[in-house]
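Note that these values count all heavy atoms, side chains included, but never hydrogens, waters or copies made by symmetry. Computed from a prediction, not measured in an experiment: that's the story for all the values here.
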Amino acid sequence: MDLARSRLDSTSFTVFFPPTVQVPINIFDPVYGAVPRPDRLDDPTSDESINTDSLQFYVQDQIDLLDNLILVAGFNYELFDQTTSRTRGGTTTDSDQSGNFFSPRVGLVYQPVENLSLYTSYARSFFPNAALNVAGDPLDPEEGEGFEVGIKTELLDRRLLATLSYFDLTRRNVATADPTDPRSSVATGEQRSQGIELDITGEILPGWNLIGSYSYIDAQVTQDNQFDVGNRLPGVPEHSASLWTSYEIQSGDLAGLGFGVGINWVGDRQGDLDNSFTLDNYFLTNAAVFYQRNNWQLNLGLRNLFDVNYVVGTPRTRTRGIEPGAPFTVTGSIRYEF
């Protein structure tokens, strides 16, 4: 059982005073401060409060139907109540919504031979939206369902585990920025993501570890009366892959000293549901040096080794919410266990 209460408060101060003198900006050598910034308004232009109370009951069981056939089944039942209040231009809008939802989950795992497993699963989901439309009304809760089928196998005398899966996920009433007012949200009719994932992890040789993955995702709008059907979902690359490998010296005076190197590639992504701009792909290289002896462990991490400029996450609009990725970063840690 899970009882939760959340409160989201948002206050905005927005003002646009055109300068009396237009000062050109050289984007390659900008000079800021030529036009003074106006003082912030005393009163906010927008004030929002969203309160959500929820109560969930969750039950799950795992049953061995046969020696090589396992069933996992369960459900989640949720009741929620959500109140919202928005003040704009001196006018306050209050609203309330409540509801309940039943979310089942079922999965099967079949092992025809010792080192091979086949699996499938189906689940539904439910999540109250903490977003308001331009009129100040809360969006309907987000709902979804998905199924997955896959195969798992153990290679190299069970030292390497590989998983290949196909998934199909559908979400409805997904909150996204309103193209006419980025401070508000709209709900898309239906979004669908389907694709293939390949994951490999394990120890190839004593001390030599490997983690790799590849994903192909076809994510698009499938039903809507505002965005074009077929538009790709923002921030979701069609192709992405990562690889990390490390080696730790096993014997001798340098036993416990290890090195790691990895790459992370993310393909092109759309910036919004209108597909009006594209976020470029990026390729990052990471490395690490570590040493462990007895109860001590020392780690040195090097992230974005070649200081690549890239955009991470999904902007809210072309000019709002754009978050640059972290530059070349060095981290260190010392760990002692007792």
Side-chain angles (χ1 to χ4, degrees), residues 107 109-121 146-169 193-219 232-233 235-250 256-270 279-292 297-314 325-333 335:
V109 179
Y110 174 61
Q111 191 174 21
V113 294
E114 186 177 6
N115 294 338
L116 182 69
S117 296
L118 308 176
Y119 72 91
T120 183
S121 65
F147 71 87
E148 181 176 346
V149 294
I151 180 172
K152 296 177 180 285
T153 183
E154 295 173 324
L155 308 171
L156 302 179
D157 294 330
R158 296 187 174 182
R159 295 195 308 271
L160 204 63
L161 175 64
T163 303
L164 179 64
S165 62
Y166 168 80
F167 62 89
D168 190 311
L169 309 174
S193 301
Q194 55 184 336
I196 297 173
E197 289 185 344
L198 173 64
D199 296 287
I200 299 176
T201 181
E203 187 178 34
I204 301 175
L205 294 173
W208 183 12
N209 294 284
L210 176 72
I211 300 175
S213 66
Y214 165 77
S215 297
Y216 165 76
I217 304 176
D218 178 21
R232 289 194 58 84
L233 302 187
V236 182
E238 188 173 20
H239 300 278
S240 61
S242 65
L243 178 66
W244 175 263
T245 182
S246 65
Y247 178 74
E248 180 181 337
I249 299 175
Q250 300 294 293
L257 179 63
F259 309 88
V261 64
I263 57 174
N264 183 26
W265 176 73
V266 175
D268 293 342
R269 298 146 292 154
Q270 292 299 320
L279 305 175
D280 290 339
N281 63 75
Y282 60 86
F283 185 96
L284 304 180
T285 304
N286 306 309
V289 180
F290 56 91
Y291 179 72
Q292 49 188 357
Q297 185 179 66
L298 287 76
N299 294 280
L300 179 67
L302 307 174
R303 301 176 184 174
N304 194 0
L305 196 60
F306 299 107
D307 200 20
V308 174
N309 293 321
Y310 66 102
V311 174
V312 66
T314 306
F328 171 60
T329 305
V330 180
T331 60
S333 66
R335 179 179 177 180

Hey, is [atom1] on [X] packed in by over 12 heavy atoms from elsewhere, all under 6.0 Å?
{"X": "Arg303", "atom1": "CZ", "result": "no"}
{"X": "Trp244", "atom1": "CH2", "result": "yes"}
{"X": "Asp307", "atom1": "CG", "result": "yes"}

Taken in chain and number order and not counting sequence neighbours, the residues that satisfy ring-ring contact (aromatic ring centres under 6.0 Å, His included) with Tyr214 are none
Find out whether [X] and [Y] are in side-chain contact, i.e. whether some heavy atom of one side chain is under 4.5 Å from a heavy atom of the other.
{"X": "Leu243", "Y": "Trp265", "result": "no"}
{"X": "Asn309", "Y": "Tyr282", "result": "no"}
{"X": "Phe259", "Y": "Tyr247", "result": "no"}
{"X": "Phe147", "Y": "Tyr166", "result": "yes"}
{"X": "Val236", "Y": "Ser193", "result": "no"}
{"X": "Arg158", "Y": "Asn115", "result": "yes"}

Find the distance between [atom1] ([X]) and [atom2] ([Y]) and round it off to the nearest 0.5 Å.
{"X": "Leu284", "Y": "Ile263", "atom1": "CG", "atom2": "CD1", "value": "10.0 Å"}
{"X": "Asn209", "Y": "Thr245", "atom1": "CG", "atom2": "OG1", "value": "7.5 Å"}
{"X": "Ile211", "Y": "Thr201", "atom1": "CD1", "atom2": "OG1", "value": "4.5 Å"}
{"X": "Asn299", "Y": "Gln292", "atom1": "CG", "atom2": "CD", "value": "8.0 Å"}
{"X": "Leu161", "Y": "Glu154", "atom1": "CG", "atom2": "CD", "value": "6.0 Å"}
{"X": "Leu302", "Y": "Thr285", "atom1": "CG", "atom2": "OG1", "value": "11.0 Å"}

Given Tyr216 and Glu238, is the side-chain contact (heavy atoms from CB on, under 4.5 Å) satisfied, shown in steps? CA-CA 6 Å; Tyr216 165 76; Glu238 188 173 20; 3.4 Å; yes
Steps toward side-chain contact (heavy atoms from CB on, under 4.5 Å) verdict (Ile151, Leu118): CA-CA 5 Å; Ile151 180 172; Leu118 308 176; 3.7 Å; yes
Using the rule side chain to side chain contact (heavy atoms under 4.5 Å, CB included), only one of Leu300, Ile249, Leu257 pairs with Tyr291; which is it? Leu257
Is a salt bridge present between Asp218 and Arg232, judged by a nitrogen-to-oxygen distance below 4.0 Å? yes
Which atom names give the shortest non-hydrogen contact between [X] and [Y], and what distance separates them?
{"X": "Tyr119", "Y": "Ser165", "answer": "OH-CB, 3.1 Å"}
{"X": "Arg269", "Y": "Asp280", "answer": "NH2-O, 2.9 Å"}
{"X": "Gly256", "Y": "Glu248", "answer": "CA-OE2, 3.5 Å"}
{"X": "Ile200", "Y": "Ala162", "answer": "CG1-CB, 4.2 Å"}
{"X": "Gly207", "Y": "Gln250", "answer": "CA-NE2, 3.2 Å"}
{"X": "Gly235", "Y": "Pro237", "answer": "O-CD, 3.5 Å"}

State whether the side chain of Asn286 and the backbone N or O of Asn304 hold a donor-acceptor pair below 3.5 Å, judged by distance alone. yes
Does Thr120 reach the main-chain N or O of Glu148 with its side chain, forming a donor-acceptor pair under 3.5 Å? yes
Yes or no on side-chain contact (heavy atoms from CB on, under 4.5 Å) for Tyr310 and Asn281, after CA distance, side-chain angles and deciding distance? CA-CA 8 Å; Tyr310 66 102; Asn281 63 75; over 6 Å; no
